[in-house]
Amino acid sequence: MGKALDGIRILDMTHVQSGPTCTQILAWFGADVIKVERPGEGDPTRGQLRDVPGVDSLYFTMLNANKRSITLNPKTEAGKKVFTKLIELCDVMVENFAPGAIDRMGFPWEKIQQINPRMIYASVKGFGPGPFEDCKVYENVAQCTGGSASTTGQIDSVPLVTGAQIGDSGTGIHVVAGILAALLQREKSGRGQRVTVAMQDAVLNLCRVKLRDQQRLAHGPLKEYPQYPNGTFGEAVPRAGNASGGGHPGWIVKCKGWESDPDAYIYVIAQLQAFPALAKAIGHPEWLEDANFNTPEARLPRLMHVFSVIEQWTMTKTKWEVMSTLNDLDVPCGPILSMKELAEEPSLRATGTVVEVDHPKRGKYLTVGNPIKLSDSPADVKRSPLLGEHTEEVLREIGLSDADIHAARQQGAI
Ligand code: CAO
């Protein structure tokens, strides 16, 4: 079976996480992703957080599946020639170096366009045009500057960053959308274009509901936040603990075993239509006749009490028992799953969301496969490449002779 992006060649100048997330998804969709790495060093993540000495880290292997790796220094004479050839032959170039790095290599956008007018050139930067445009940015900087940290955490405590890599991987996924749209537009226009995504913008996009709440604040307190009715609201959206960001109240409650198991918790949503069943299940059918509890408005100022009563019930059951009982009643809920549980979950293995891959140096390891499932283009996860594993193969494909390759190697260009 063919793949959605068969025939699309990606010149992958990405490193660390945001860019590699993007090109890995394009590779899973079937694009030929040629990852260009600095000779002798490669993507710095190959050596970061290593668990096995001398072997590419999980950080690298889990972000660079299904790609080919070539070593190339576009700052050398021979490197520039090869790089120019690659620009001519590729459809998309993706980069996430510090602002200006590709220009300093001698390849500003204008030149890339000149070499290949059909080229789609995608860049990740920390910030868009403005006072911070020249700054280098990593994940947590983006979370802090994009509105996530100020709105995450317990209500009376410090801002928190989240474990979900919304700044890096979140931005990479936005870039995928931009590239696919640009490829479609190229079908009609015949021209490539620039795709740029700032990490701050991507995080803010993911925090859209918090900007919603900022504007609601002008019209009174945010009644679904735990600060209501006893706390105070300032000028900006506060942290809301584990309160639900939607129209139905929710909270994390303890389950049986919480004293020793840090993940013995479940998120319960007291959805309007399921509330009667929930009240009966936890042994409080009288709430349905009580004016203090029998409407969502009546419950709002008592939500913490409602959830503490729900918790008295959930603490008598494991999170799986709570899940099973409440699901049967159509009460939305979700157990707090640890990474160990997710790694071992058979249904995630069956769908290819968690995949075991074999690597010639590290042996078997787990990775997260493509979460975007296409019925006619299933992703087949292949191990990440060794540094420069495909240099000669790719250089021959683009027309270099053995003598050219030898000369490039002599110059340190590959
Ligand atoms: N051959 C020769 N040189 C190469 C090369 C190659 N194949 N690939 C990269 N280089 C050079 C670059 O040209 C650059 O050199 P100059 O600064 O002299 O122009 C240098 O390597 C490294 O670039 P960098 O400044 O991007 O690297 P850094 O480690 O200092 O910064 C990061 C890393 C991530 C903070 C920065 O790249 C950045 O802000 N990127 C944009 C935002 C981003 O994607 N952040 C997410 C990071 S996690 O996903």
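Just follow the structure's listing: the first ligand is 1, and inside any ligand the first atom is 1. Just the heavy atoms: all of them, side chains too, but no hydrogens, waters or symmetry mates, feed the values below.
- Protein heavy atom nearest atom 2 (C) of ligand 1, with residue, atom name and distance: N73 OD1, 3.2 Å.
- Ring planes of H359 and Y365: perpendicular class, angle over 60° (limits at 30 and 60°).
- In this structure, the side chain of T45 does not engage the main chain of Q48 through any donor-acceptor pair within 3.5 Å.
- K3 has no carboxylate O lying under 4.0 Å from a charged side-chain N of D376, or vice versa, which leaves the two without a salt bridge.
- The option with the heavy atom closest to atom 36 (C) of ligand 1, from among A98, P44, S123, is A98.
- In terms of protein heavy-atom proximity, atom 7 (N) of ligand 1 is closest to L72 O, 2.9 Å.
- Geometrically, ligand 1 and P99 share no nitrogen or oxygen pair separated by less than 3.5 Å.
- Atom SG in C90 sits 8.5 Å away from atom CD1 in I398 (nearest 0.5 Å).
- Taking any N or O of C135, backbone or side chain, none lies under 3.5 Å from an N or O belonging to ligand 1.
- Using a 4.0 Å cut-off between charged side-chain N and carboxylate O, K81 and E77 make no salt bridge.
- Looking only at protein heavy atoms, the nearest one to atom 46 (C) of ligand 1 is D168 OD1, 3.2 Å.
- The nearest non-hydrogen atom to atom 43 (C) of ligand 1, considering only Q165, M199, E41, comes from M199.
- The pair R9-E88 fails the salt-bridge criterion, with no side-chain N (NZ, NE, NH1 or NH2) lying under 4.0 Å from an Asp/Glu carboxylate O.
- Heavy atoms of T171 found under 4.0 angstrom from ligand 1: none, in either backbone or side chain.
- Of all the heavy atoms of R104, the ones lying under 4.0 Å from any atom of ligand 1 belong exclusively to the side chain.
- Looking only at protein heavy atoms, the nearest one to atom 49 (O) of ligand 1 is S18 N, 2.5 Å.
- Judged by the shortest distance from any of its heavy atoms, P74 lies inside the 4.0 Å radius around the atoms of ligand 1.
- Between M13 and ligand 1 there is no heavy-atom distance shorter than 4.0 Å.
- When non-hydrogen atoms are compared, ligand 1 lies under 4.0 Å from the backbone of N96 as well as from its side chain.
- Between K125 and P99 the shortest side-chain heavy-atom distance falls below 4.5 Å.
- When K75, E95, K125 are checked for heavy-atom proximity to atom 14 (C) of ligand 1, K75 turns out nearest.
- Contact analysis leaves E139 out of contact with ligand 1, as no non-hydrogen atom separation drops below 4.0 angstrom.
- With R38, M105, K136 as candidates, the residue nearest to atom 20 (C) of ligand 1 on a non-hydrogen basis is R38.
- No donor-acceptor pair under 3.5 Å is formed between the side chain of R50 and the backbone N or O of L58.
- Salt bridge E37/R46: present, at least one basic N to carboxylate O contact under 4.0 Å.
- Of the possible donor and acceptor atoms, none in the side chain of R409 sits under 3.5 Å from a partner among the backbone N and O of I414.
- Of the protein's non-hydrogen atoms, F97 CD2, 4.0 Å is the one closest to atom 23 (O) of ligand 1.
- The backbone N or O of V306 lies less than 3.5 Å from no partner atom in the side chain of R299, so there is not a single donor-acceptor pair.
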